[in-house]
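To keep things clear, I will list the structure first and then write my remarks on it.
No experiment lies behind these values; they were computed from the predicted model shown.
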Amino acid sequence: MALLLPLLLPALAHAAPVPGQVSLRTAYAVAIRDRIIASWLPPASMASGQHCRVAITQLPGGTIVSVKLDAACQFDAAGKAALERAVLRAQPLPYKGFEAVFDRSLNIGFTSP
C-alpha cells in the first residue's frame, strides 16, 4: 500500500536548521509516518487520492493527548474513524533517540491509497 504522507513539524518550518538536526528531523518524521501507516487499515469505501490532515498533540515519550482531523478532511466517516484509530494505535509515537527534535504538536497529511 503506497501512501503519500507529508509530515510537517512546525519547528522545522519556522526555525533555522541546526547542523546535524535536519537529518534527525527527517528520520523522526519518517519514523512517525511509518508507525501510523503500519496501524492504518483504510476502509474499502475510501476513494483513492482523497486528502486528510490530522493534528496530533503528544507528550514527551510519545503518548498521544489528542487527535483532531481537519474540517476539510475529504475522507468519509469510515475513513476518518479508521485514521483516528490508526493514530491512537500507533502510540507511543517514536521518541527515544529523537529527544532533540521532539515536537509536541504534529500536523500530518494523509492521502488515501
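Within the 4.5 Å cutoff, the side chain of Gln58 has heavy atoms near those of the Leu106 side chain. Considering only heavy atoms from C-beta on, Val87 stays 4.5 Å or farther from Leu93 through its side chain. Residues Ser48 and Pro113 are not in side-chain contact: their nearest non-hydrogen atoms beyond the backbone lie 4.5 Å or more apart. Gln74 is not listed as a side-chain neighbour of Cys52, based on a closest heavy-atom distance of 4.5 Å or more.
Nearest heavy atom pair, residue Phe75 against residue Leu83, reads CE2-CD2, 3.8 Å. Closest approach of Gly79 and Trp40 over heavy atoms only: O-NE1, 4.5 Å.
Paired with Gln91 under the rule side-chain contact (heavy atoms from CB on, under 4.5 Å), one option of Leu59, Ile36, Ile64 passes, and it is Ile64.
Taking the six-membered ring where tryptophan is involved, the planes of Tyr28 and Phe102 are tilted, since the angle between them lies from 30° to 60°.
Side-chain heavy atoms closer than 4.5 Å link hydrophobic residues (I, L, V, M, F, W, Y) into clusters, and following such links, even through other members, never connects Val65 to Leu69.
With rounding to the nearest 0.5 angstrom, the CE atom of Met46 is 11.5 Å from the CG atom of Leu41. If you take CD on Glu84 and NZ on Lys68, they are separated by 11.0 Å, rounding to the nearest 0.5 Å. Separation of atoms CD1 (Ile56) and CG (Asp103) is listed at 11.5 Å; rounding is to 0.5 Å.
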Verify side chain to side chain contact (heavy atoms under 4.5 Å, CB included) between Ile108 and Arg53, making sure each step is shown before the conclusion. CA-CA 6 Å; Ile108 305 172; Arg53 296 203 69 73; 5.9 Å; no
Side chain to side chain contact (heavy atoms under 4.5 Å, CB included) for Asp70 and Val54? Distances and angles first, verdict last. CA-CA 6 Å; Asp70 187 83; Val54 180; over 6 Å; no
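In terms of modelled atom types and a separation under 3.5 Å, the side chain of Arg35 and the main chain of Pro92 share a donor-acceptor contact. Using a distance-only test at 3.5 Å, with no hydrogens or angles considered, a donor-acceptor pair links the side chain of Ser112 to the main chain of Gln50. Within the 3.5 Å criterion, the main-chain N or O of Ser66 finds no donor-acceptor partner in the side chain of Thr57.
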